[in-house]
2 protein chains.
Amino acid sequence: MDRIDAALVDALQHDSSRPVAVLADAVALSPSACHRRIRALEEAGVISGYAARIDPRRIGLAVEVFVEITLTSQSREAMDRFERAVGDFDDILECHLMSGGADYLLRVAAADLDQYDHIHRDCLARLPGVSSMRSSFSLRRIKRFAGYPVPRAVRP
Amino acid sequence: MDRIDAALVDALQHDSSRPVAVLADAVALSPSACHRRIRALEEAGVISGYAARIDPRRIGLAVEVFVEITLTSQSREAMDRFERAVGDFDDILECHLMSGGADYLLRVAAADLDQYDHIHRDCLARLPGVSSMRSSFSLRRIKRFAGYPVPRAVRP
DNA sequence: GCTTATAGCGGGAAATTATTGCGTGGATCG
DNA sequence: CGATCCACGCAATAATTTCCCGCTATAAGC
């Protein structure tokens, strides 16, 4: 993981659709060397896959919500059950175990408020061991996720 | 945007590295037709690009933080200035204007708590018009973002 | 009811891109 | 100083994307 790998990771995070030859040019390497490095990054798990970035609004998802959740019990069993249940619902985009105020932070997408109401009742309310939920709505996305900042060099 | 488009979007969100021929097979279409649909989705802005998914821990980012921010003023000018400033910092991964308690929700990544301290002082503290900040740390990622749920059919 | 325009599909050729093998140069270590 | 290892560039090959053409089905118009 040297400077070149960092540049590759950074470039691929933003756009993975460019041919290797173009990337190779950008990092001043031959296409084959470049390709081998990318492969190595994949096998090392640095790059875990490739995905299309899609615009949620264009598929009818206009509402994005962050939900703070507190459990009735913080026992190992209660948390395990909750975390397993989270995995079953596609509407829960993301979930973090948090420090501070609430136990968990969820991120949810919905077509509109009506549908969010359905999700709230049919999906979130079914999660086991929930004591309280607090929904905060994203009114506008100021900055969208476009890759992590890549440290200059992890190992020169 | 029919059932097949939905299937394509769903598939490409999870893995965009498979050849079109495989995708075509999965949606029961010829490679050429499949390719045309993907192109159309790109041009319609449904697919806005392709990106490598990377594991933040493997590039040395072990800490992920959500920061709730309240401004001293909710005037149009104050918000505009704040939002512009947010764009200047790579360490701010994401930013939402929120309803409810705080004004903004930020997502920040850092190598460790020391570096988060630096970011907090050198970057977050420089944001204009901030009245208060509350950091919540992600102790563990329960579910990682892996694409939006694609509605069955937006237009059959 | 028949025709015509339109949109989407499948097949295949051509161009682009990814992939692998091979030989070479430079750095490291003994 | 020599052996070894690693990563590189070059070039051939394999895979994939991209484009063009003719066909079919659906729907509107006459």
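All chains are named by letter (A, B, ...) in the order of the sequence lines, taking the proteins before the strands, and each is independently numbered beginning at 1. As the structure is a computational prediction, the values presented were derived from the model and not from experiment.
Contact annotation: side chain of A/S32 to base of D/dC8, donor-acceptor pair absent below 3.5 Å.
Rounded to whole Å, the distance from CD on B/E42 to P on D/dT17 is 11 Å. In this structure, CE of B/M1 is placed 14 Å from P of C/dG8, rounded to the nearest angstrom. In this entry the distance linking CG of B/D25 with C1' of D/dT16 reads 15 Å, nearest Å. Between the CG atom of A/L23 and the P atom of C/dT17 there is a distance of 13 Å, given to the nearest Å. Here D/dT26 presents its C1' atom at 15 Å from CG of B/D2, a figure rounded to the nearest Å. Rounded to whole Å, atom C1' of C/dT19 lies 16 Å from atom CG of A/L29.
Proximity of B/R39 to the phosphate of D/dC19: a side-chain N or O atom is located under 4.0 Å from OP1 or OP2. Contact check, A/R37 against D/dC8: a side-chain N or O comes under 4.0 Å of OP1 or OP2. For the pair A/H35 and C/dT19, the criterion of a side-chain N or O lying under 4.0 Å from OP1 or OP2 is met.
Between the side chain of A/D103 and the backbone N or O of A/L71 there is at least one donor-acceptor pair closer than 3.5 Å.
A salt bridge links A/R37 with A/D2: the closest approach of a Lys/Arg side-chain nitrogen to an acidic carboxylate oxygen falls below 4.0 angstrom.
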Query raised in the report: Which is it for B/S135 and B/Y116 under the side-chain hydrogen bond (donor to acceptor under 3.5 Å, both in side chains) test, yes or no, and what are the steps along the way?
Result: CA-CA 10 Å; B/S135 298; B/Y116 182 64; 2.7 Å; yes

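Of the residues B/L127, B/L106, B/I69, the one that meets the side-chain contact (heavy atoms from CB on, under 4.5 Å) test with B/M133 is B/I69.
Listed candidates were C/dA18, D/dT16, D/dC8. Nearest to the side chain of A/R36 is D/dC8.
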